[in-house]
Structures are given as structure tokens and as C-alpha cells.
**Student:** 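Got a structure here, written out as C-alpha cells. Questions coming.
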Amino acid sequence: MIGADGLHSNVRRLAFGPEQDYDHYLGCRVAACVVDGYRPRDELVYVMYATPGHQLARCALRDDRTMFLFIFRAPREGTIAAPKDQLRNEFRDVGWEAREILATLDDVEDLYFDVVSQIRMDRWSRGRTLLIGDAAACISLLGGEGTGLAMTEAYVLAGELARAGGDHRRAFDAYEARLRPFIKSKQSGAEKNIPFFATKTRFGLWFRIVAMRTMNFAPMARLFASTVIDDFDLPDYGI
């Protein structure tokens with residue numbers, strides 16, 4: 001069995017145990033939704049506004065739709081209100097367009113709301129069950145690349161299964177040996193990005209603005225984008 005069912009994998013729960021045994025919370029919660037007809041609208045621009053511990057962003061989509069992204073610092077445990085109420089409590093006083101954006105939540109039926117976590121496991125397989133993608137080693141939404149990494153892992157798994165000639169244990173071990181160092185580096189990089197997305201202090205906000213402006217220069221762009229630059233050569237399995 002191959003478990004490829006995401007951060008909150010049911011396959012992982014059934015084969016390896018409860019999520020809490022592998023979940024590593026990164027200190028933030030995140031929400032996203034899409035609404036129609038929001039104004040103002042900036043084409044081809046990702047607009048962000050941040051205060052210490054909070055980030056609110058909007059992005060224009062096709063057909064006059066706008067995506068909103070909310071990120072905020074929060075303890076893992078605490079009073080759990082309904083997702084929309086949590087967002088209103090966190091963002092109503094941050095300024096900018098927050099109140100206008102929060103008002104659109106009344107008509108939102110499809111709201112993504114989750115913790116920002118990583119999955120860290122000593123082994124990605126047990127018996128004939130193997131995990132790939134976020135189910136095995138989610139690097140977190142703030143690290144991005146979830147789809148690309150899952151495709152890379154699926155390709156390597158298919159190649160190792162073909163190369164092993166039906167020996168699933170050999171294939172699973174080779175798959176993990178090849179990918180684990182790469183994924184571990186991705187998780188480390190994603191964890192370092194947390195202060196960038198949900199900065200705790202005003203000095204941190206100032207530093208982020210300076211860092212983003214310096215990314216107009218190629219050497220600085222390579223430095224700050226190092227966590228999302230892939231250093232992994234796909235094997236040629238001949239399939």
C-alpha cells in the first residue's frame with residue numbers, strides 16, 4: 001500500500017500510529033480562500049501586509065476572483081474557536097484592508113484552515129506500506145514545493161520498484177536512502193522561513209523588507225532563495 005494522502009494522512013495513522021507521534025508544529029496557523037469581485041485589485045501582483053506575528057496577502061486570479069492568505073502565530077494548544085472567528089479575532093485590528101477582507105468571509109463556503117507543521121518520521125515504510133509526499137515528510141506549506149516534491153518521490157519510487165525486480169523491501173530501502181537527505185534539507189530550510197512569513201518583531205519586519213528589496217540583485221536572490229533551490233539529480237531508471 002502506498003500512502004499519498006497528505007499532512008493528515010489516514011494511511012499513516014493506520015500503519016504507523018497517531019499523527020501526534022510524527023507532527024512537528026512550527027508555531028503558525030494558516031488559512032486561504034477565494035472570493036469573487038473584491039476591490040481593490042492588482043493584476044499580476046502578490047500584495048502582502050504584515051504586522052508582528054501576522055501576515056495577510058491577496059492575489060488576483062482569473063475571472064475577477066481574488067485569493068486571500070492569512071498566516072498568524074499561535075500556540076498549538078489553546079481556545080479553539082470556529083476558523084472564521086479565529087481569523088476575525090486575529091486580524092480585525094491589524095490595519096490595511098483587514099476589515100474589508102474579513103467581511104468577505106461571511107459568504108465563503110470553502111475555507112482552507114490548518115496548522116503549519118512538518119511530518120518527521122524515522123522510517124517511511126512498514127511492511128508492505130510506504131508513505132510518499134506530505135504523508136511521509138511534509139516540509140510545510142511555508143516551504144512550498146509540496147506538489148513538485150511528491151512528483152519527484154513518486155518517480156524515484158517507481159524507478160526503484162522497477163530496478164528491484166519485484167523486491168519491495170529492497171525498493172523501499174533504496175527509495176528512502178536516496179531521498180531522505182534531500183527532504184531533510186528541505187525541512188530545515190522551511191523551518192528557517194518561519195520568521196520570514198510570520199515575523200515576531202518590528203525589526204524583523206524591517207529586515208524582511210530590506211531582504212526582499214535586495215533580491216533585485218542576483219547574488220542576494222540566490223542567497224535568500226537557497227531554501228527553494230533544488231539540488232537533486234533525478235536518476236535515469238530507463239523506464
**Student:** Would you indicate whether the side-chain heavy atoms of F172 and L161 approach each other to under 4.5 Å?
**Tutor:** yes
**Student:** Please tell me whether R39 and T66 have a donor and an acceptor in their side chains that are separated by less than 3.5 angstrom.
**Tutor:** no
**Student:** Would you mind reporting whether F91 and I101 have side-chain heavy atoms less than 4.5 Å apart?
**Tutor:** no
**Student:** Charged N to carboxylate O below 4.0 Å: is that the case for E43 and R41?
**Tutor:** yes
**Student:** Can you label the angle between the F16 ring and the Y22 ring as parallel, tilted or perpendicular, going by 30° and 60°?
**Tutor:** perpendicular
**Student:** Between the side chains of R128 and H168, does any donor sit under 3.5 Å from an acceptor?
**Tutor:** yes
**Student:** Ring centres of Y38 and F68 under 6.0 Å apart?
**Tutor:** yes
**Student:** Kindly write out the residues that satisfy side chain to side chain contact (heavy atoms under 4.5 Å, CB included) with P181, not counting sequence neighbours, or none if the list is empty.
**Tutor:** none
**Student:** Do H8 and D134 pair up side chain to side chain, a donor and an acceptor below 3.5 Å, judged on atom types alone?
**Tutor:** no
**Student:** Will you find, in the side chains of E160 and Y155, an N or O donor that is under 3.5 Å from an N or O acceptor?
**Tutor:** no
**Student:** Could you tell me whether D106 atom CG has more than 12 heavy atoms of other residues or ligands within 6.0 Å of it?
**Tutor:** yes
**Student:** Assess whether salt bridge (Lys or Arg N to Asp or Glu O under 4.0 Å) is satisfied between D23 and R120, documenting all intermediate values.
**Tutor:** CA-CA 7 Å; D23 176 272; R120 300 181 182 178; over 6 Å; no
**Student:** State, yes or no, whether a side-chain contact exists between P52 and R73 at a heavy-atom distance under 4.5 Å.
**Tutor:** no
**Student:** Backbone N or O of Q187 within a donor-acceptor pair of the Q118 side chain at under 3.5 Å?
**Tutor:** yes
